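Everything below concerns the one structure shown next.
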Amino acid sequence: MYDSILDFPSELTPVLKPRVCNTSDSLLQSSIYKPKKVQRKVNAREQANGRHKDTRKKKSRLKLLDLFQSPELLTEDLNQRLEKDKHEKDKTENTECSGTKRVSMDNISSTLNEVEDESDNLIGDFSKPYSLPVERGNHQDLKYITCDTLAHLLGGGYTDVVQTYSLVDCRYPYEYAGGHIRGAMNLYREDQISEYFLRSPSLSRGRRVVIFHCEFSSERAPKLCRILRNLDRKANLYPHLYYPELYLLKGGYKEFYETLKHLCEPQGYVKMVHKDFQEQLKKYQKKKKNMSGQRIRKELFKPLNSSRSFSPVTTQSVTLASCND
């Protein structure tokens, strides 16, 4: 039966029995024991499934954060809204203030216009209105009087408002010699104006008026009138003036001679461009160009070269002379 002793079973040698595996046991064993490669695949699959689940959770959290803001974000939004409201409030206040400023500027401009209109009717030192009836002329900054007003003044009128007056004929000497208004003095250069009026200026309390005219009162008389006002401003503290009341004769000597020839002496009229005085005209115009402002200022401090002096005409003296006539 047994070929050898070695083949004879002994108690020490285990007897292998065939194993019968049920389905349940196989499933259990498969779950417990698995090869390494299969286990790796399972682990990788589970890890992949776990990652997918985490991402889904994170996405859901982000959505919840979008729906429900944190307290920090709420406070930031509240601060932004407050700043925005404050900015809008400041903007509206600035627009209101600018509106009030515009209104106030309009009021100021209208007030300034009224002041200018009022000051336009006052004499140079703004102390009182003009004593003689004034007219408008080509030079808007100067006041004009008519020939009739001057004739009334020469005849002794306006004694209640005018104490003294000076009538300045700004034409050249050959024009003056050919005929001039009664009582007029011939001052045609700038240095003559400064010497006569500002060497020893009148300090009388009464009202003194100065009336300028040339042939047409269009160029020479307005220029010398402005020169006197500028020199007077420099010699006084603003707005005080020695001669605050200056006038121009409207129409000049030409119009006065045509309407009131009997008040001229001699009764004649020589034009500036008269053919017999062309050489004298060139000489006077050349001297006029050479005269500068610096020389005028120097002339104020020089002694008078000529002994001839002019005195202002008073309305009382004119009245007495007319009575004597």
Side-chain angles (χ1 to χ4, degrees), residues 132 135 137-139 142-155 165-199 209-231 243 246-292 295-296 299 304-313 318 321:
L132 301 179
E135 299 283 336
N138 295 329
H139 299 271
L142 301 175
K143 301 298 180 182
Y144 290 78
I145 61 170
T146 62
C147 296
D148 293 334
T149 301
L150 179 57
H152 186 57
L153 182 65
L154 294 174
Y165 67 90
S166 298
L167 182 59
V168 181
D169 191 336
C170 303
R171 297 178 299 159
Y172 297 132
Y174 65 89
E175 297 175 87
Y176 180 82
H180 58 271
I181 301 173
R182 184 188 302 167
M185 52 187 172
N186 187 212
L187 303 175
Y188 64 95
R189 294 201 315 264
E190 300 173 2
D191 59 332
Q192 291 176 341
I193 295 293
S194 62
E195 285 177 358
Y196 177 76
F197 287 103
L198 297 175
R199 175 68 63 181
V209 301
V210 182
I211 304 166
F212 291 83
H213 79 86
C214 54
E215 186 176 1
F216 306 104
S217 293
S218 61
E219 183 179 354
R220 289 176 285 179
K223 181 180 178 181
L224 292 177
C225 183
R226 292 190 183 100
I227 286 174
L228 177 58
R229 174 55 52 85
N230 292 333
L231 294 174
Y243 308 97
L246 306 179
Y247 297 96
L248 283 179
L249 178 62
K250 194 171 185 178
Y253 180 77
K254 179 180 182 297
E255 184 174 336
F256 190 88
Y257 177 78
E258 291 174 353
T259 56
L260 299 164
K261 186 186 297 185
H262 63 282
L263 294 176
C264 299
E265 52 183 23
Q267 294 182 5
Y269 172 34
V270 177
K271 296 182 180 180
M272 183 184 73
V273 293
H274 196 281
K275 61 180 181 179
D276 296 338
F277 301 98
Q278 291 297 316
E279 294 296 328
Q280 295 186 38
L281 176 61
K282 290 179 181 179
K283 182 182 69 174
Y284 291 130
Q285 288 181 342
K286 186 176 181 180
K287 287 182 179 180
K288 181 180 177 182
K289 291 179 181 179
N290 293 332
M291 183 62 67
S292 62
R295 185 176 176 183
I296 294 172
E299 291 292 334
L304 295 176
N305 295 327
S306 61
S307 59
R308 181 183 178 185
S309 61
F310 298 99
S311 60
V313 181
V318 173

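One-based numbering along the sequence shown. What you see is a predicted model, and the numbers here were worked out from it, not measured in a lab.
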- Query: Is it true that atom CD of E219 has more than 12 heavy atoms of other residues, nucleotides or ligands lying nearer than 6.0 Å?
  - Reply: no
- Should we say atom CG of N230 is surrounded by more than 12 heavy atoms from elsewhere, each under 6.0 Å from it? yes
Between the main-chain N or O of [Y] and the side-chain N or O of [X], is there a donor-acceptor pair closer than 3.5 Å?
X: N186; Y: D169; answer: yes
X: H139; Y: S218; answer: yes
X: S166; Y: V210; answer: no
X: S217; Y: H213; answer: no
X: Q267; Y: G179; answer: no

- Gap separating the CG atom of L228 from the CD1 atom of I193, nearest 0.5 angstrom: 6.5 Å
- Query: Hey, is K223 close enough to E190 for a salt bridge, meaning N to O under 4.0 Å?
  - Reply: yes
- Is the closest basic N to carboxylate O distance between E175 and R220 below 4.0 Å? yes
- Note on the structure: With Y269 as partner, the option from E215, H180, E258 fulfilling side-chain contact (heavy atoms from CB on, under 4.5 Å) is E215
I want to check something: taking the side chain as every heavy atom from C-beta on, are [X] and [Y] in contact at a cut-off of under 4.5 Å?
X: I145; Y: L153; result: no
X: V270; Y: Y174; result: yes
X: L154; Y: I181; result: yes
X: Y172; Y: F277; result: no
X: M185; Y: V168; result: yes
X: L248; Y: I211; result: no

- Task: Under the ring pair (Phe, Tyr, Trp, His ring centres under 6.0 Å) rule, what do Y243 and F197 come out as? Steps first, then yes or no, please.
- Result: CA-CA 9 Å; Y243 308 97; F197 287 103; 5.2 Å; yes
Where is the tightest heavy-atom contact between [X] and [Y], given as atom of each residue plus distance?
X: A221; Y: C170; answer: CA-SG, 3.8 Å
X: L132; Y: T149; answer: CB-CG2, 4.4 Å
X: P173; Y: Y188; answer: CG-CE2, 3.5 Å
X: C225; Y: L142; answer: SG-CD2, 4.1 Å
X: E195; Y: R199; answer: O-CB, 2.8 Å
X: C264; Y: Y257; answer: SG-CD1, 4.0 Å

- Task: Kindly indicate whether a cation-pi arrangement holds for R171 with Y253, taking the cut-offs as under 6.0 Å to the six-membered ring centre and within 45° of the axis.
- Result: yes
- Can L260 and H262 be said to form a side chain to side chain contact (heavy atoms under 4.5 Å, CB included), step by step? CA-CA 6 Å; L260 299 164; H262 63 282; 3.8 Å; yes
- Take Y144 and Y247, measure what ring pair (Phe, Tyr, Trp, His ring centres under 6.0 Å) needs, and give me the verdict at the end. CA-CA 5 Å; Y144 290 78; Y247 297 96; 10.0 Å; no
- Should K143 and L246 be marked as a side chain to side chain contact (heavy atoms under 4.5 Å, CB included) after you check the CA-CA gap, both sets of side-chain angles, and the distance that decides it? CA-CA 7 Å; K143 301 298 180 182; L246 306 179; over 6 Å; no
